[in-house]
S.K.: 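Pasting in a structure now, in structure tokens, and then I'll have a few things to ask.
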Amino acid sequence: MKFKIIAGLVLILSVIIASCGSAEDMEFKRYYLGGEQLYKQRCQNCHGTKGEGLSNLIPPLTDSTFLKTNKKQLACIVNNGLKGALVVVNGKSFVGDMPANNIPPVDIARILTYITNSFGNKMGTVKSEDVALSLKDCK
Amino acid sequence: MRKLATLIGVILLYAACKNGGTQATLPIYGNRDTKTITKDGKQVVDTIYQTIPAFRFVNQYGDSITQNSLKGDIYVADFFFTTCPSICPIMHRNMLKVYSEFKNVSDFKIISHSIDPKHDSVPILKKYADGLGISGNSWWLLQGKKDDTYNLSASYLVRRPEESAKELFIHDGYFVLIDKQKRIRGSYDGTDEKDVARMIGDIKTLRAETNPQIAQ
């Protein structure tokens with residue numbers, strides 16, 4: 001009887017600890033969930049619910065290598081948009097226009113956290129400070 | 001008494017048929033009128049349904065397209081422009097599914113009217129078609145006189161497009177299903193995957209329509 005109660009308590013405690021996670025995890029979740037909302041509002045129509053893009057018109061967001069290689073440029077792409085620039089994603093070339101976004105760095109950080117950790121990507125949290133820094137040297 | 005039971009049975013069966021599964025025939029939308037005609041020497045009242053009026057546009061290959069080019073075809077129409085940043089990518093992501101489903105069917109077409117003919121020239125439409133990955137003659141991207149396109153939108157019972165400074169053009173994202181007699185048989189939200197799936201089902205229903213009075 002006593003054993004059962006203790007076992008029960010241990011179980012409950014471990015569930016609580018597991019679900020709380022670390023402060024870092026919490027921060028990631030906040031950025032990620034905020035980014036999901038912003039993605040739906042500002043990006044999803046073009047890039048798709050699964051980041052699949054649209055044929056040869058709009059590139060997908062599923063190319064982890066592209067995202068990693070261009071990590072520093074992602075904030076600039078979201079902030080300034082693209083105009084007829086050649087981008088090669090998943091081995092396909094795209095030349096199109098993407099609109100600029102007039103939003104604060106923290107929102108860009110949220111969106112980037114979302115896209116770089118969805119659609120098969122796993123790059124961790126992009127913080128507001130990272131974005132502010134990247135925006136200083138946009139090409 | 002037996003007769004009554006049979007009658008009730010028939011009614012129940014009929015009701016079950018009407019409710020169950022896919023619809024046997026699609027409704028006909030739009031205004032309707034009646035006309036008295038002489039048929040086999042008798043005066044009968046005929047229903048006149050709203051139809052899509054004649055038009056003349058150019059497709060992505062530079063070919064002239066009129067109502068005659070769609071003779072004997074069921075088709076779906078929508079309104080878009082190639083630089084549309086908002087709903088068009090969603091609409092055409094969904095339309096691609098319709099295209100793939102029916103591209104080898106000879107009596108079905110898709111026509112997408114550009115509401116920005118000044119920008120969307122024939123070469124731009126061709127480039128867009130190539131980008132979408134469509135070829136052949138089952139999906140035409142059409143452009144022509146702006147007023148012709150805007151006026152035609154009323155016949156499809158969709159909102160007349162408008163130019164605005166910010167969004168460039170305002171239009172709605174309906175896919176409109178037209179039968180072989182140019183009558184409207186369905187209207188679907190082209191930005192909603194589920195509604196477009198319903199349309200694919202309705203196109204199959206319409207293609208299977210055999211009632212001679214309807215299918216002619």
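Within every chain, numbering begins at 1; the chains are lettered A, B, ... in the order of the sequence lines, protein sequences first and strands thereafter. Given the structure is predicted, the values throughout are model-derived calculations rather than measurements.
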S.K.: Can you tell if the side chain of T149(B) reaches within under 4.5 Å of the side chain of F79(B), non-hydrogen atoms only?
M.R.: yes
S.K.: Could E163(B) and K146(B) be called an ion pair, given the rule that one side-chain N must be under 4.0 Å from one carboxylate O?
M.R.: yes
S.K.: May I ask you to list the residues in residues 46-64 of chain A that approach chain B closer than 4.5 angstrom, counting heavy atoms only, ordered by number?
M.R.: C46(A), H47(A), G48(A), E52(A), G53(A), L54(A), S55(A), N56(A), L57(A), I58(A)
S.K.: Check this for me, if you would: do D107(B) and R207(B) make a salt bridge, where the nitrogen-to-carboxylate-oxygen distance has to be below 4.0 angstrom?
M.R.: yes
S.K.: May I ask you to check whether F80(B) and H92(B) place their ring centers less than 6.0 Å from one another?
M.R.: yes
S.K.: Run through R183(B), K204(B), R185(B), K180(B) and flag the one making a salt bridge (charged side-chain N to carboxylate O under 4.0 Å, His left out) with E209(B).
M.R.: R185(B)
S.K.: For residues 37-45 of chain A, give me every residue with a non-hydrogen atom less than 4.5 Å from any non-hydrogen atom of chain B.
M.R.: Q44(A), N45(A)
S.K.: Are there more than 12 heavy atoms of other residues, nucleotides or ligands under 6.0 Å from atom NZ of K145(B)?
M.R.: no
S.K.: Take a 6.0 Å sphere around NZ of K127(B) and say whether it holds more than 12 heavy atoms from other residues, nucleotides or ligands.
M.R.: no
S.K.: Quick one: which residues of residues 100-127 of chain A reach chain B at under 4.5 angstrom, heavy atoms only?
M.R.: none
S.K.: Suppose the criterion is side chain to side chain donor-acceptor pair (under 3.5 Å): which pairs have a residue in residues 55-65 of chain B, not counting sequence neighbours?
M.R.: R56(B)-S64(B)
S.K.: Kindly say whether A75(A) contributes a backbone atom to a donor-acceptor pair with the side chain of N79(A) at under 3.5 angstrom?
M.R.: no
S.K.: Give a yes or no on whether a salt bridge exists between D130(B) and K126(B), defined as a side-chain N under 4.0 angstrom from a carboxylate O.
M.R.: yes
S.K.: Atom CD1 in I200(B), atom OG1 in T205(B): separation rounded to 0.5 Å?
M.R.: 12.0 Å
S.K.: So, the side chain of N94(B) versus the backbone of G190(B): is there a donor-acceptor pair under 3.5 Å, distance only?
M.R.: yes
S.K.: Is any side-chain N of the basic residue among D172(B) and R159(B) closer than 4.0 Å to the acidic one's carboxylate O?
M.R.: no
